[in-house]
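Counting starts at 1 for both ligands and their atoms, in listed order.
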Amino acid sequence: MSKFKFTVGPWNVHTGADSYGPETRKAIDLETKFARFAELGFSAVQFHDDDAVPNMNNLTEEEIKAEARKVKAMLDKYGLAAEFVAPRLWMDPHTTDGGFTSTSEKDREFAMWRAYRSIDIARELGCDLIVLWLAREGTLCAESKSPVTATRQLVEAINNMLRYDDRIRVCIEPKPNEPIDRSFCGTVGHVMGVSAATIDPKRVGANLESAHAVLAGLDPANEIGFALAFDKLFTVHLNDQNGIRYDQDKSFGVENLRQAFNQIKVLWENRYWEKGYVGLDVKAMRTTSDEDSYEHLKNSLEIFKALEEKVARYDYDYANKLIAERKFEQLEMYTLNLIMGLK
Ligand code: XUL
Ligand code: MN
């Protein structure tokens, strides 16, 4: 039995289309996904604003809330909660050059409109968390924006969200690049700086994604630990990534088991299960068939739980003795033996 509760987004079961080729699997409707998520043992669902309310640009504020209430009823039917809502600012023609940091005032206003509507949707879904993946908040042409102005614009956008609703919490999911060339807020360290500059730092934290940390050349477990040290880890997106290349969203643990083990170890040591959900932001391979559309989710859960069982058995007395004697060769071998199933 895992101590943690798991969550997933509808985008994690997808058609396999990428920048270089079309769909390889049939689209699956939201309710079918909810039913399978519940069956697989997930407790909650993560949403983009338009996952919950498609076509929202063309609806009134009241119509958006009414659509969100229908999704809430569907979640209730399967015993699922909603974890967060994230404004999807990167797909829209209004936000080609970013939202909160766009050089166009009209686009910045549109981004705030989507952020406020995301808060409305979150309220209807019964959750208090907004995630900002700042996909295009950066530059394609380095000279096109001032990093000073843009960083202040980002802080002000978050302040506006905090003022709009005094219970909502906002968390930034940092990523150093892709689809943008240079991001303004690329790591958990940046997120802590932005959080501290807002009007209510307690309500502004981080969503650490393993793959994004690897893309920044950083260790995901250390990034998780850094946010935990400030009580600012609001959620996580666990997955895996083969080095510094395009964002892969591989199943958790499939590239680097030791790194995966250490992410669970730091979450475990800090009783993260009392603070937040374990989100799995994983994607199926393009070659995966329709009938295997959920296999990567099953695999990620299975790997997480198997490694959690090893973390639970970690012999801290023995490890601490080795640490005191500075016998790190032995400590490393003990850990690896445990991961390899030899202990
Ligand atoms: C992008 C990414 C997104 C966010 C949600 O790299 O991870 O899926 O997690 O918008
Ligand atoms: Mn993510």
Would you say ligand 1 has an N or O under 3.5 Å from any N or O of Trp90?
no
Proximal atoms of ligand 1 relative to Trp133 (non-hydrogen, under 4.0 Å):
1 (C), 3 (C), 6 (O), 10 (O)
Answer yes or no for His212: is there a heavy-atom contact with ligand 1 below 4.0 Å?
yes
Quick one: which ligand 1 atoms are inside 4.0 Å of a heavy atom on His237?
9 (O)
For ligand 1, is any non-hydrogen atom under 4.0 Å from Arg88's backbone (N, CA, C, O), its side chain (CB onward), both, or neither?
neither
Which N, O or S atom of Asp281 lies nearest to the Mn ion (ligand 2), by name:
OD2
Mind telling me whether Phe34 and Phe37 have parallel, tilted or perpendicular rings, with 30° and 60° as the class edges?
tilted
Please state which part of Asp247 comes within less than 4.0 Å of ligand 1, counting heavy atoms only: side chain, backbone, both or neither.
side chain
Name, closest N/O/S atom of His237 to the Mn ion (ligand 2):
ND1
Which ligand 1 atoms does Glu209 reach within 4.0 Å, using its non-hydrogen atoms?
7 (O), 9 (O)
Hey, which N, O or S atom on Glu173 ends up closest to the Mn ion (ligand 2)?
OE2
Using the six-membered ring wherever Trp is involved, compare the ring planes of Phe4 and Trp268 and label them parallel, tilted or perpendicular (cut-offs 30° and 60°).
tilted
What N/O/S atom of Glu209 is the closest to the Mn ion (ligand 2)?
OE1
Check the side chains of His212 and Glu223 for a donor-acceptor pair under 3.5 angstrom, ignoring hydrogens and angles.
no
Do Asp281 and Asn12 pair up side chain to side chain, a donor and an acceptor below 3.5 Å, judged on atom types alone?
yes
Are any of the N/O atoms on Lys175, whether in the backbone or the side chain, positioned under 3.5 angstrom from an N/O atom of ligand 1?
yes
Who's the nearest protein heavy-atom neighbour of atom 8 (O) of ligand 1, and how far?
Asp281 OD2, 3.3 Å
Is Asp128 paired with Arg167 through a side-chain N to carboxylate O contact shorter than 4.0 Å?
no
Do me a favour and list the nearest non-hydrogen protein atom to atom 2 (C) of ligand 1 with residue, atom name and distance?
Glu173 OE2, 3.5 Å
Tell me whether the rings of Tyr318 and Tyr334 are parallel (<30°), tilted (30 to 60°) or perpendicular (>60°).
perpendicular
Within 2.8 Å of the Mn ion (ligand 2), is there any N, O or S atom belonging to Asp249?
no
Just by distance, no angles: are the side chains of Glu83 and Thr235 close enough, under 3.5 Å, to form a donor-acceptor pair?
yes
Please determine whether the number of non-hydrogen atoms from other residues, nucleotides or ligands lying under 6.0 Å from atom NZ of Lys5 exceeds 12.
no
Report yes or no: does a heavy atom of Phe47 sit under 4.0 Å from some atom of ligand 1?
no
Using the ring centroid of each side chain, check whether His48 and Trp90 are separated by less than 6.0 Å.
yes
For His48 and ligand 1, does the shortest N/O to N/O distance drop below 3.5 Å?
yes
Are the charged groups of Glu109 and Lys106 less than 4.0 angstrom apart, N to O?
no
State plainly whether the residues Glu309 and Lys305 are in salt-bridge range, i.e. N to O under 4.0 Å.
no
